[in-house]
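First listed ligand is number 1; within each ligand, the first listed atom is number 1. Quick caveat, the model's predicted, so the values are computed rather than measured.
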Amino acid sequence: MAESIFVTKSFMPPQDEYIAQLNKIWENNILTNRGPLTIELEEKLRKYLAIENIIITNNGTIPLQIALKKFGNSGEIITTPFSYIATSSSIVWEGCKPVYVDIHPDYLTINENEIENAITTKTTAILATHVFGNPCNVDLIGKIANKHNLFVIYDAAHCFGVKLNGSSIFNYGDISTCSFHATKLFHTGEGGALFFKESSFYDELFYAHNFGHDGPLDFFGLGINGKISELNSAMGLSVLPHMQNIVEERQKIVIYYDENIIGYRKFKLRENTDWNFSYYPIIFDSETQLLKVQKKMNEMNIFPRRYFYPSLNTINYLSGQDMPISESISKRILCLPLYVGLLEKELEKIISILRK
Ligand SMILES: *Cc1c(COP(=O)(O)O)cnc(C)c1O
């Protein structure tokens, strides 16, 4: 039987390269607490991404929580219903209240024109997702935030390597977060990061990710354990040299899909974006049609994923606000397999199902 095809497949660096990194851990006898591999990975990422400040963390959710702890102040957070659950659950976990604003039907990011209507005296921050690596309207969101004295946090989990106007997307907003989870474009197995331009935030955010420790006996303030392990940083150091190849291979698949998939709607890429080929979602006319295609694919051992379903506002512990566009899109959107090593004959199989 043919091997199953999933929506993604983690990039595995050559094993000898990972072992060479592990050998350093055995020499150092340091497994965590910001050992030399973590510091090396941070330095390499700072250069690779051309960003100012980075703090690597143990996943992509902790940075959202740290950002919300700093900027949320138990208030109302304006956010998008079309994202992964972590975007909303972090808000609730940090004792804040998510207030949804519907998405733009073409870009699929938060509809910036409706943000002002949702602002109240309790609003403290905007938490928006650059979904599928497609940037939000950062200029307008920045203006709105300035006018109303709000902080802007971007969930940039999908955005490794994305540039807007020639600059890393992580440079926008007060804080951006990324995920280095095994399913993401660049990964450390589990991992993530905080990015921010304002260097005066550094100490507070850095201490926050390490229990608040300021030396072994003193404490800067409240903190949590957001530290990455050296084993995970070793994986990052082994994957990073392959990034150009990873992006190029994915681009080829995206071009193939673009040329061969006809009659399905796709999201509109924000102007002046250098995209990272992170996801390939297609939008069906109806959920019935989506379910039919999904069933056919599953029968052939192909497992696309319904990113993102359901619309977050409809989840039991969340708001119940109506978000017609997000609810409609999330019922009709399906992410197709996209990873290094996906074969042309497998792509042909996927496309032939879509054509029928
Ligand atoms: C993956 C993801 C996260 C969470 O990242 P983890 O590293 O799995 O904690 C947060 N937000 C979005 C949009 C994601 O896709």
Can you pull out the closest protein heavy atom to atom 2 (C) of ligand 1? Residue, atom name and distance to 0.1 Å, please. Lys184 NZ, 3.0 Å

Is the centre of the Phe220 ring less than 6.0 Å from the centre of the His213 ring? no

Are any side-chain N or O atoms of Thr273 and backbone N or O atoms of Trp275, one a donor and one an acceptor, separated by less than 3.5 Å? no

Of all the non-hydrogen atoms in the protein, which one sits nearest to atom 4 (C) of ligand 1, and at what distance? Thr61 OG1, 3.5 Å

For atom 15 (O) of ligand 1, what is the nearest protein heavy atom, given as residue, atom name and distance? His158 NE2, 2.7 Å

Could you work out, with salt bridge (charged side-chain N to carboxylate O under 4.0 Å, His left out) as the rule, every residue matching Lys147, not counting sequence neighbours? Glu116

Side chain to side chain donor-acceptor pair (under 3.5 Å), that's the test. Do Tyr207 and Asp214 meet it? Break it down for me. CA-CA 7 Å; Tyr207 290 121; Asp214 181 6; 3.1 Å; yes

So, regarding His181 and ligand 1 (criterion: nitrogen or oxygen to nitrogen or oxygen, under 3.5 Å), is there a contact or not? no

Any atoms of ligand 1 less than 4.0 Å from a non-hydrogen atom of Ser179? List them with their elements. 1 (C), 5 (O), 6 (P), 7 (O)

N-O pairing of Arg306 and Glu287 below 4.0 Å: yes

Ranked by distance from atom 11 (N) of ligand 1, the top protein heavy atom is Asp155 OD2, 2.7 Å

Taking atom 3 (C) of ligand 1 as the reference point, the nearest protein heavy atom with its distance: Tyr84 CD2, 3.9 Å

Could you tell me which atoms of ligand 1, counted from 1 in the order shown, lie closer than 4.0 angstrom to a heavy atom of Gly191? 7 (O)

Salt-bridge present (Glu299, Lys295; N to O < 4.0 Å): yes

Which residue and heavy atom of the protein sit nearest atom 12 (C) of ligand 1, plus the separation: Ala157 CB, 3.4 Å

Give a yes/no on ligand 1: does Ser83 have at least one heavy atom closer than 4.0 angstrom to it? yes

Please determine if Arg46 and Glu43 form a salt bridge, counting it only when a charged side-chain N lies under 4.0 Å from a carboxylate O. yes

Test of proximity, Leu64 against ligand 1: N or O pairs below 3.5 Å: no

Would you call the rings of Phe180 and Phe186 parallel, tilted or perpendicular if under 30° counts as parallel and over 60° as perpendicular? perpendicular

Atom indices of ligand 1 within 4.0 angstrom of Gly60 heavy atoms, with elements: 5 (O), 6 (P), 7 (O), 9 (O)

